Protein chains: 2
Amino acid sequence: MRIGELARATGTKAETIRYYEREGILPLADRTDGNYRDYSPEHLATLTFIRRARELGFGMEQVRLLLDLSDRADKPCEEVDLMVEGQLAEVDRKIADLTRLREELSRMLRSCQADRIGECRVVESLSGRR
Amino acid sequence: MRIGELARATGTKAETIRYYEREGILPLADRTDGNYRDYSPEHLATLTFIRRARELGFGMEQVRLLLDLSDRADKPCEEVDLMVEGQLAEVDRKIADLTRLREELSRMLRSCQADRIGECRVVESLSGRR
DNA sequence: ATGCACCTTGTAGCCACTACAGGGTCAAGC
DNA sequence: GCTTGACCCTGTAGTGGCTACAAGGTGCAT
């Protein structure tokens with residue numbers, strides 16, 4: 001399987017696949033006579049895993065850890081679960097931050113009753129005069 | 001006012017202030033005999049504005065626009081309001097994305113009943129076998 | 001032989017900072 | 001006058017996770 005095919009199969013750009021290889025997160029592929037990368041079904045599985053973990057918001061280092069863990073079928077799930085819990089907490093924190101932002105932006109909008117910037121409460125509140 | 005004082009007053013690192021200057025978003029400061037930057041109260045006001053806009057999630061280009069607009073006391077608020085609305089929509093989109101993530105992570109955690117990675121549904125669902 | 005889609009490596013750019021390295025300035029205390 | 005230490009200067013490189021080229025090679029159909 002060539003890089004373009006793998007790219008289409010996983011919704012990843014070829015450049016990104018090569019980037020994962022450089023980072024050592026996706027194993028090296030075999031090469032054809034013409035020096036094209038030749039991927040196996042295992043590569044497809046690993047890349048799928050990487051993409052799903054990335055979409056869930058895990059960073060590259062965490063993806064690396066998750067990949068390592070996923071190879072050890074005999075180990076307890078505990079570590080994996082802890083990582084997922086940690087990521088969940090991180091996402092919750094981000095949602096809370098954004099919700100605060102949302103409220104503030106919405107409050108600003110409601111506060112603008114003027115129609116000239118000179119009296120605009122939006123601009124005022126950005127200036128820190130509130 | 002020297003850079004460290006301005007930094008403390010606004011909760012900004014000195015490096016960041018110099019970065020804003022390089023970017024042309026914060027006007028050049030006067031210099032003392034010893035070549036230290038010497039900031040005015042206007043600089044303090046501008047930097048406060050920049051920081052508040054950044055905290056609200058506006059990008060640098062948008063901050064630049066907001067600064068330009070805030071100087072035109074006679075202009076209608078419309079443009080400013082539109083930018084705030086746009087930012088609000090952006091924040092809503094991010095909250096929606098994160099909420100989806102949150103649900104998926106939480107679903108994964110609940111699904112893990114096994115105690116060995118070999119049977120772990122968390123690892124399974126990352127692998128795309130679900 | 002030609003065209004075209006695909007592949008190769010290598011390098012630079014994105015955003016908004018942040019972190020140095022290597023040096024200069026200034027005020028206080030001895 | 002000299003040292004100490006806090007502060008400042010410029011310039012450059014790094015962060016994360018890609019993405020976008022440039023310049024060239026390969027493979028297959030016509």
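Only this structure's heavy atoms are used, side chains among them; waters, hydrogens and symmetry mates stay out. Protein chains get the first letters and strands the later ones, always in sequence-line order, with residue 1 at the start of each. All figures in this text were calculated on a predicted structure; none of them were measured in a lab.
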So B:Met83 and A:Val122, side chain to side chain contact (heavy atoms under 4.5 Å, CB included) or not? Walk me through it. CA-CA 11 Å; B:Met83 287 185 66; A:Val122 171; over 6 Å; no
Please lay out, stage by stage, how B:Thr46 and B:Tyr20 fare under the test side chain to side chain contact (heavy atoms under 4.5 Å, CB included). CA-CA 11 Å; B:Thr46 302; B:Tyr20 288 154; over 6 Å; no
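A:Arg2 has its CZ atom 18 Å from the P atom of D:dG25, to the nearest Å. Between A:Glu5 atom CD and C:dC7 atom C1' there is a gap of 13 Å when expressed in whole angstrom units. Atom CG in A:Asp38 sits about 13 Å away from atom C1' in C:dC7, given to the nearest Å. If you measure from atom CD of A:Glu21 to atom P of D:dG17, you get 18 Å, rounded to the nearest angstrom. At whole-Å resolution of the value, CZ in B:Arg64 and C1' in C:dC15 are 13 Å apart. Distance, B:Leu6 CG to D:dC8 P: 10 Å, rounded to whole Å. In this structure, A:Asp33 places its CG atom 18 Å from P of D:dG25, rounding to the nearest Å. Taking atom CG of B:Leu47 as the reference point, atom P of C:dC17 lies 10 Å away to the nearest angstrom.
Put simply, A:Tyr20 has a side-chain N or O that comes within less than 4.0 Å of OP1 or OP2 on D:dC18. At D:dT10, one or more side-chain N or O atoms of B:Arg37 fall inside 4.0 Å of OP1 or OP2 (strictly under the cut-off).
B:Phe58 comes within contact range of no nucleotide atom at all, as no heavy-atom separation falls under 4.0 Å. Among the atoms of the strands shown, none is found under 4.0 Å from any heavy atom of B:Arg8.
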A correct 5'-to-3' footprint of nucleotides 19-24 of chain C, with B, S and - meaning base, sugar-phosphate only and no protein heavy atom under 4.0 Å, is BB---B
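Each of A:Tyr19 and B:Ile3 has a nearest nucleotide on DNA chain D; the 5'-most of these lies closest to B:Ile3. Residues B:Thr16 and A:Asn35 both approach DNA chain C. Their nearest nucleotides, taken by heavy-atom distance, put A:Asn35 toward the 5′ side.
Between the side chains of B:Arg52 and B:Thr48, no donor-acceptor pair of N or O atoms lies under 3.5 Å. With no hydrogens or angles considered, a side-chain donor-acceptor pair links A:Arg110 and A:Ser106 at under 3.5 Å.
Every residue two or more places apart in sequence or in another chain that forms a ring pair (Phe, Tyr, Trp, His ring centres under 6.0 Å) with B:Tyr39 is listed here: B:His43.
A:Arg54 and A:Gly59 make their closest contact through NH1-CA, 4.0 Å (heavy atoms, listed as atom of the first residue, atom of the second, distance).
Under 4.0 Å is where a charged nitrogen must lie from a carboxylate oxygen, and between A:Arg102 and B:Asp92 at least one such pair does.
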